[in-house]
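Residue numbers start from 1 in every chain, and the chains themselves are labelled A, B, ... in the order their sequence lines are given, proteins ahead of strands. FYI, side chains are in, hydrogens and waters are out, and symmetry mates aren't considered; it's all heavy atoms of this structure.
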There are 2 protein chains.
Amino acid sequence: MTYSEENYLKAIYHLSLTQKQGVSTNAIAGMVESKASSVTDMIKKLAEKELVIYQKYQGVMLTDKGLLAAKMIVRKHRLWEVFLVEKLDFAWDEVHDVAEELEHIKSEKLINKLDAFLGFPTEDPHGDPIPDRNGNIVKVEKQLLSEFEVGQTGICVGVKDSSSSFLQYLDKQQIALGSKIKIIAKESFDMSLTIEVEKKHMIISNKIASNLFAKIVS
Amino acid sequence: MTYSEENYLKAIYHLSLTQKQGVSTNAIAGMVESKASSVTDMIKKLAEKELVIYQKYQGVMLTDKGLLAAKMIVRKHRLWEVFLVEKLDFAWDEVHDVAEELEHIKSEKLINKLDAFLGFPTEDPHGDPIPDRNGNIVKVEKQLLSEFEVGQTGICVGVKDSSSSFLQYLDKQQIALGSKIKIIAKESFDMSLTIEVEKKHMIISNKIASNLFAKIVS
DNA sequence: ATAAAAATTTAGGCAAAACTAAAAATATAT
DNA sequence: ATATATTTTTAGTTTTGCCTAAATTTTTAT
C-alpha cells in the first residue's frame with residue numbers, strides 16, 4: 001500500500017467512527033486536504049483492492065480488510081506517539097506530525113517490538129485507544145466533560161481535539177490526563193463550567209468542555 | 001527534499017568515499033537500483049538545487065551543502081540502527097531495511113532527541129561512524145583483517161559488507177564486534193587466514209578477511 | 001589513429017497522485 | 001414539484017520519478 005492510500009484509509013476510518021453510513025467524498029477531501037475529484041480517483045483504487053465498498057454518489061465504507069488495515073495504521077501512529085512522549089520526552093502537543101510520518105514505516109516486526117518495548121500501552125498520550133496486533137481495541141468508559149452534571153467529579157482521560165493550541169491551553173491551565181475535575185457550576189446562558197482542579201476553581205467554556213473526556217468517579 | 005532525492009544523495013555520498021573524482025552515472029544507477037537515464041534526470045535536479053556539481057559526461061560531486069545533507073541522512077540511518085539493536089533487540093543483520101525507511105523521517109528534533117536517548121553513540125551496530133549533528137565524523141583507526149601480518153592481534157571493530165548473509169556467517173562463527181582475533185597463519189596460495197578467536201582456531205577465506213575491520217592491539 | 005565498445009545523455013512515454021473545469025447526480029427550498 | 005444549490009464524477013492536465021530506445025560522447029583496444 002502506498003503512503004497516500006494509507007492516508008485515505010485512515011481518513012475513512014476516522015470519519016466512519018462518527019458516521020454510521022457511507023463516508024462522503026467531500027468529508028474525505030477535507031480530512032486529507034485534497035479535492036473531491038482526487039478523492040474519487042483514490043476511492044476507485046481502494047475499491048479495486050477491496051479495501052472499501054464504493055457505489056457512485058453513495059460514499060464509501062471500509063471492508064473488513066480495509067478496517068483492519070486502517071486500524072494497523074492507527075496502531076502504529078499511536079504507538080509512535082507513546083514512544084515520542086515516554087521515551088524521547090516530547091510534549092503531547094508536538095508528536096502528531098512526526099507520528100504522521102512514522103506510521104507509514106512498513107515492518108510488522110518493528111511495530112510489535114516497539115509495542116513490547118513500551119510495555120503494551122493501551123492508550124496514546126491523548127487518551128486514544130491503541131489497537132492491539134489483531135486490531136482489537138479496549139473501550140474505556142468515558143464521556144465529554146460538557147455532559148457532566150453539576151456536583152459530579154471525573155478524572156480526565158482524553159481529549160477529543162488534539163490540536164496543538166488546545167493541548168497548550170490545557171497545559172497552561174494545568175489540566176492533564178489524570179487530573180481530577182469537579183463540576184462546581186454550569187452557566188445556562190453559554191454552558192460554560194466552573195470547575196475545581198487541584199483545589200483551584202476556574203471557568204472553562206463549553207467548547208473546552210466539549211473536547212475533554214473524563215471518567216466519572218462520583 | 002523528496003525520498004528519492006535523499007536516496008540519490010546518499011548513494012553519491014557512499015560512492016564518493018571510495019572514488020576521489022566525480023561519481024559515475026552507472027555507479028549511482030547500480031546503487032539506487034535504477035537505470036542510467038533515470039540517474040541523469042535526477043542529477044540535473046540535484047544540480048539545480050546546488051546539492052551536486054555536474055558536468056555532462058563527467059560524473060557528479062557533492063557540494064558542501066549536498067555533503068552535509070547526505071551526512072544527515074547517514075546520521076539518521078545509523079542512529080535508527082542503534083535504536084533497533086540496542087532498544088528493540090533486533091539482530092544486526094535485520095536492521096538495514098527498516099533503517100532505510102526510518103532515515104527519511106523529517107524532524108531534526110526527533111533525531112537529536114533520539115541521539116540523546118541512545119547516549120550519543122559514535123558508531124552503529126556494524127562499526128560505521130555516526131556523524132554528529134554538525135556532520136562531524138570521528139575517525140577510528142582500523143584496517144582490514146586481510147592486511148594484518150601473521151602474529152598480529154586485533155579487535156574486530158567493523159564490517160565492510162553489512163549484508164545479511166555475511167553478518168549471519170559471522171554470527172555462526174561467533175565473530176562479533178569486540179572479538180579479539182589473532183592471525184596464526186596466512187596461506188599464500190589463496191590468502192586464507194588461520195585465526196584464533198576465543199581460544200579456538202578457524203580458517204577464514206580472504207573474502208571474509210577483506211570485509212572485516214579490526215584495530216591492532218599487538 | 002581510428003574502429004569498436006562502453007558509458008552517458010536525449011527524446012518520448014508511462015503510472016501515480018494531484019489539480020481545474022465541466023458535466024451529471026443528488027439534495028434542498030420555496 | 002420544480003428550480004436552485006450542493007455534491008460528486010468525468011475529462012483532460014501537470015509533476016515526479018521512472019522506463020526504453022536512439023543518439024551522442026568518452027574510453028579502450030588494436
Exercise. Identify whether the distance between the nearest side-chain nitrogen and carboxylate oxygen of Asp115(B) and Arg75(B) falls below 4.0 Å.
Key: yes
Self-check item: Short side-chain N/O contact to dA18(C) OP1/OP2 from Ser4(A), under 4.0 Å
Solution: yes
Self-check item: Any Lys44(B) side-chain N or O less than 4.0 Å from OP1/OP2 of dT10(C)
Solution: yes
Quiz prompt | Parallel, tilted or perpendicular, as decided by the 30° and 60° cut-offs, for the rings of Phe83(B) and Trp80(B) | solution = perpendicular
Check nucleotides 22-25 of chain C against the protein and report each pair of N or O atoms closer than 3.5 Å, with its distance, or say if there are none.
{"from": "dA25(C)", "atom 1": "O4'", "to": "Tyr57(A)", "atom 2": "OH", "distance (Å)": "3.3"}

Practice problem: Identify whether any heavy atom of Tyr3(B) sits under 4.0 Å from a base atom; if not, whether one sits that close to sugar-phosphate; answer base, sugar-phosphate or nothing. | Solution: nothing
Quiz item: Has Ser38(A) got a side-chain N or O lying under 4.0 Å from the OP1 or OP2 atom of dA18(C)?
Solution: no
Quiz item: Taking CD from Gln19(A) and P from dT7(D), how many angstroms apart are they, rounded to a whole number?
Solution: 13 Å
Self-check item: Interface with DNA chain C, restricted to residues 24-33 of chain B and to heavy atoms under 4.0 Å
Solution: Ser24(B), Thr25(B), Asn26(B)
Quiz item: When you check every protein heavy atom under 4.0 Å of nucleotides 11-16 of chain D, what one-letter string (B, S, -) results, 5' to 3'?
Solution: -----S
Quiz item: Under 4.0 angstrom, heavy atoms only, what part of the nucleic acid is Tyr8(A) near: base, sugar-phosphate, or nothing?
Solution: sugar-phosphate
Quiz item: So, Asp161(B) versus Ser163(B): side-chain donor-acceptor pair below 3.5 Å or not?
Solution: yes
Practice problem: In plain terms, say whether Glu94(A) and Lys109(B) are close enough for a salt bridge, that is, a side-chain N and a carboxylate O under 4.0 Å apart. | Solution: yes
Quiz prompt | d(CE, Met42(B); P, dT10(C)) in whole Å | solution = 16 Å
